[in-house]
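Bear in mind the structure is a predicted one, so any value in this text is a computation, not a measurement. Because only heavy atoms are used, hydrogens play no part in the values below, and waters and symmetry mates are left out as well, while side chains stay in.
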Amino acid sequence: MIFDVTTTDSQLILFVANGGEPIPDSVQEQLFHPFFLGAGRASRNGLGLGLFIANEIAKAHGGSLTVISNEEETRFTFAMPKAG
């Protein structure tokens with residue numbers, strides 16, 4: 001797992017990435033919906049609320065949570081404006 005936090009003049013940007021099988025585009029479209037667990041997961045633990053809650057927190061702070069998944073990595077990026 002790789003993670004990093006950086007800032008620009010106007011934003012805080014945090015990302016978490018790891019390798020593994022890419023998340024299909026059809027699943028990526030659903031990841032931030034409540035109660036979505038995804039098909040084909042080895043584990044069915046959880047309620048499917050974690051990414052939904054994280055996305056709502058990002059939006060509440062004027063930011064965003066995005067995912068990019070390909071053969072190299074899956075990366076979740078949280079970005080929000082810096083205060084003042």
**OP:** Examine F3 and F15 and state if one hydrophobic cluster contains both, with Ile, Leu, Val, Met, Phe, Trp and Tyr joined whenever side-chain heavy atoms are less than 4.5 Å apart.
**Re:** no
**OP:** Search all heavy atoms of S69 against all heavy atoms of P22 and return the closest pair with its distance.
**Re:** OG-CA, 3.3 Å
Subject >> Interatomic distance, T66 atom OG1 to Q28 atom CD [nearest 0.5 angstrom] >> reply: 10.0 Å
Original post:
Hey, does I23 have a side-chain heavy atom less than 4.5 Å from the side chain of L31?
Top reply: yes
**OP:** Would you mind reporting whether T77 and I13 have side-chain heavy atoms less than 4.5 Å apart?
**Re:** yes
Subject >> Flag, side chain of N70 to backbone of E73, donor-acceptor distance under 3.5 Å >> reply: yes
**OP:** State, yes or no, whether a side-chain contact exists between V16 and R75 at a heavy-atom distance under 4.5 Å.
**Re:** no
**OP:** With the side chain counted from C-beta on, respond yes when F36 and V27 share a heavy-atom pair under 4.5 Å apart, and no when they do not.
**Re:** yes
**OP:** State, yes or no, whether a side-chain contact exists between L12 and V5 at a heavy-atom distance under 4.5 Å.
**Re:** yes
Original post:
Between CZ of F78 and NE2 of H61, what distance do you get to the nearest 0.5 Å?
Top reply: 6.5 Å
Subject >> F32 CZ to L65 CG distance, which is reported to the nearest 0.5 Å >> reply: 4.0 Å
**OP:** Could you tell me whether the side chain of L51 reaches within less than 4.5 Å of the side chain of F76, counting heavy atoms only?
**Re:** yes
Original post:
Any donor-acceptor pair under 3.5 Å linking the side chain of K82 with the backbone of T8?
Top reply: yes
**OP:** Tell me, with the steps shown, if V67 and T74 meet side-chain contact (heavy atoms from CB on, under 4.5 Å).
**Re:** CA-CA 7 Å; V67 63; T74 295; 4.1 Å; yes
